[in-house]
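What follows is one structure encoded as structure tokens, with my remarks underneath.
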Amino acid sequence: MACTTILIGKAASYDGSTIIARNEDSPNGQFEPKRMHVVSRDEQPRVYKSVESHLTIELPDSPMRYTSVPDALPGHGVWAAAGFNEANVAMTATETITSNERVLGADPLVAYRPAVGVEGEDGYLPEVPGGIGEEDMVTLVLPYIASARDGVRRLGELLERFGTYEMNGIAFSDVDEIWWLETVGGHHWIAKRVPDDAYVTMPNQLGIDSFDLADAEGEQREHMASADLRAWMAENHLDLTLSSSQVGFSAKGASEGSSVFNPRDAFGSHSDSDHVYNTPRAWYMQRCLNPSDRWDGPAAPLRPESDNIPWSRTPERKLTIEDVKYVLSAHFQGTPYDPYGKAGTDATRAMYRPIGINRNGQLAVLQIRPYRPEASRTVQWMAFGSNPFNALVPFYGNVDAAPEYLANTTARVTTESFYWANRVIAALADARFHENSAAVERYQEKVGSLGHQMLRETDAEVAGLPAAEVPAVLEQANDRMAADLKRETEDLLGRVLYTTSCAMKNGFAMSDNER
């Protein structure tokens, strides 16, 4: 699944929150409608079966309630995407990432193999289940973890036991830490803690560019990994570091010098398609968040096709929710690569894959606020549909039900659904982008302002309430926020519909009432 992720450490965010966010994008040529849903303890399965890989897994008998953003249409599995559990732990899964032939040959992906022939007849071979994947991970992990580190450990154990059929990146956060896990081949994995004072940009590409195996094998302050990673890398000659003073591996996996290496070089890819599809997105996000660096021109240290764009860096100022929305809606504004722009040429404007694309399905921004009581600490900011044309809206995470306007997505296209309303707005506004852009920007600002106001007023309302009474108040606030969102979205739809219809080719200048 094509996606884009940004992670922001607590010392780099505007209010000390940990923030993890990801666009979930549909495959090319289709939409996967999304909805918001709260999974109760009773709804969580005790025996889980994957639709994609036919894998059956028994689950613990003590799940927590959690929020999710599953697929709206049945038949493809859950794809729960992103949410918070009752312990105020967040998870977003997954960012599809790349690998290379050496890794996939050393630890092949665990693909589902259907049955061959007819059972009972000669030559029959039963089906062989595959591993776990994006469809499964939130459902298998989020209800059972008490911290971000717990999330890494549980998912790591599942990967080692069952394997995976795809390469993915997964983010976990709690009030203190953010961890990013990347799968490596069918059963191996690495995870790194996001520095508190930094942000991380992740397009669909293996991203971690520095890893300390000694820490992962020892205190695990900043790194975790599969237990046999060192020996497996040595056996398969996967480390590409030139200097023996930086890293070395003996045949038995013993360290020879430092244990720091570059996973992006060892496990990732630097293909021609990466330079069109992936690296330009990381380049543009960092261009926005560290604008004083030199980004343009042939002498710029980092260009859209550079393979060494940092996995993490310190921003020039503290980052906000609005910064997250802007970069995850970006279409290379201010560069020759903007498909809506006037700079460059027809060729440059179609050169790179935008972040804010027609196939955006949902954006979940998961914020954990350290200054709030645990009962009202988590905020799940949501947007559905194409990000250049939608608005980001906050909803409290500690609730038993999601607002109807975000939960009611079905196959039927209707403006009573936030998901489908945005799809209609985007299709109309894109056709006359410059005529509609001011109205879209006013809508985004208005909805965002209402969201911050709702949080401020509701935080004050629940201050001092017993913890048991807080969820009901938060749920009512979420419903009011959804009602405001629906009103503003319908108003924007009317404006965009009128503006775009005025440009219809069958228009005629002479009106019926003209004299």
Side-chain angles (χ1 to χ4, degrees), residues 8-21 36-41 64-69 82-92 142-143 145-148 172-178 196 318-325 364-383 391-407 445-488:
I8 302 174
K10 60 187 179 182
S13 73
Y14 72 107
D15 67 344
S17 295
T18 54
I19 299 173
I20 62 176
M36 193 174 182
H37 181 63
V38 180
V39 182
S40 68
R41 297 179 185 182
M64 287 180 272
R65 181 199 65 223
Y66 60 102
T67 60
S68 65
V69 194
F84 291 106
N85 67 20
E86 291 179 68
N88 290 337
V89 179
M91 177 180 181
T92 176
L142 185 56
I145 57 177
S147 69
F172 299 95
S173 63
D174 54 39
V175 72
D176 292 316
E177 295 186 329
I178 300 173
D196 290 340
K318 292 187 176 183
L319 303 180
T320 67
I321 297 296
E322 290 69 39
D323 292 322
V324 173
K325 177 64 168 70
V365 181
L366 306 175
Q367 179 184 16
I368 306 177
R369 307 179 299 168
Y371 50 87
R372 294 299 308 163
E374 291 187 3
S376 58
R377 179 166 285 175
T378 58
V379 180
Q380 184 158 340
W381 297 77
M382 290 302 308
L392 190 62
V393 195
F395 298 100
Y396 286 97
N398 184 25
V399 294
D400 292 322
E404 178 70 8
Y405 189 47
L406 285 85
E445 183 180 84
K446 178 69 175 296
V447 171
S449 300
L450 289 170
H452 283 289
Q453 178 182 345
M454 183 275 284
L455 293 175
R456 177 175 55 80
E457 293 176 351
T458 307
D459 285 347
E461 183 179 356
V462 300
L465 286 180
E469 298 179 15
V470 171
V473 178
L474 302 184
E475 197 167 313
Q476 293 169 3
N478 285 355
D479 288 340
R480 291 194 300 271
M481 185 71 250
D484 289 341
L485 171 65
K486 185 173 187 292
R487 182 190 66 246
E488 297 298 329

Can you find a heavy atom in the side chain of [X] that is under 4.5 Å from one in the side chain of [Y]?
| X | Y | value |
| --- | --- | --- |
| Pro143 | Val39 | no |
| Phe172 | Ile20 | no |
| Leu406 | Leu485 | yes |
| Val324 | Leu319 | no |
| Asp484 | Met454 | no |

Do [X] side-chain atoms and [Y] backbone N/O form a donor-acceptor pair below 3.5 Å?
| X | Y | result |
| --- | --- | --- |
| Arg377 | Arg369 | yes |
| Ser68 | His37 | yes |
| Asn85 | Leu142 | yes |
| Asn398 | Ala375 | yes |
| Asp323 | Thr320 | yes |
| Thr18 | Asp174 | yes |

Exactly one of Val399, Asp479, Asp400 should register a side chain to side chain contact (heavy atoms under 4.5 Å, CB included) with Leu474. Which one does?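 For Leu474, the side chain to side chain contact (heavy atoms under 4.5 Å, CB included) test succeeds with only one of Val399, Asp479, Asp400, which is Val399.
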Out of the candidates Val462, Thr378, Thr458, Val473, only one should pair with Tyr396 under the side chain to side chain contact (heavy atoms under 4.5 Å, CB included) rule; please name it.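 For Tyr396, the side chain to side chain contact (heavy atoms under 4.5 Å, CB included) check succeeds only for Thr458.
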Is it true that Arg456 and Asp459 have a side-chain N and a carboxylate O under 4.0 angstrom from each other?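 The answer is no: the pair does not qualify as a salt bridge.
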List the atom of [X], the atom of [Y], and the distance in Å for their closest heavy-atom pair.
| X | Y | value |
| --- | --- | --- |
| Glu86 | Arg65 | OE2-N, 2.6 Å |
| Phe395 | Ala482 | CE2-N, 4.0 Å |
| Ile178 | Ser173 | CG1-CB, 3.9 Å |
| Ser147 | Val89 | N-CG2, 3.5 Å |
| Phe84 | Gly397 | CD1-CA, 4.4 Å |
| Ala148 | Glu177 | CB-O, 4.0 Å |

Interatomic distance, [X] atom [atom1] to [Y] atom [atom2] [nearest 0.5 angstrom]:
| X | Y | atom1 | atom2 | answer |
| --- | --- | --- | --- | --- |
| Leu450 | Glu445 | CG | CD | 10.5 Å |
| Gln367 | Ile19 | CD | CD1 | 5.0 Å |
| Met382 | Met481 | CE | CE | 13.5 Å |
| Thr67 | Met36 | OG1 | CE | 5.5 Å |

Are more than 12 heavy atoms, taken from residues, nucleotides or ligands other than Glu469, located less than 6.0 Å from that residue's CD atom?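 It does: Glu469 CD has more than 12 such atoms within range.
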Return yes when atom CD of Glu457 has more than 12 non-hydrogen atoms of other residues, nucleotides or ligands closer than 6.0 Å, and no otherwise.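 It does: Glu457 CD has more than 12 such atoms within range.
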Evaluate the criterion side-chain contact (heavy atoms from CB on, under 4.5 Å) for residue pair Val393 and Val447; output intermediate values, then yes/no. CA-CA 7 Å; Val393 195; Val447 171; 3.7 Å; yes
Can you tell me how the ring of Trp381 sits relative to the ring of His452, calling it parallel under 30°, perpendicular over 60° and tilted otherwise?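 Tilted.
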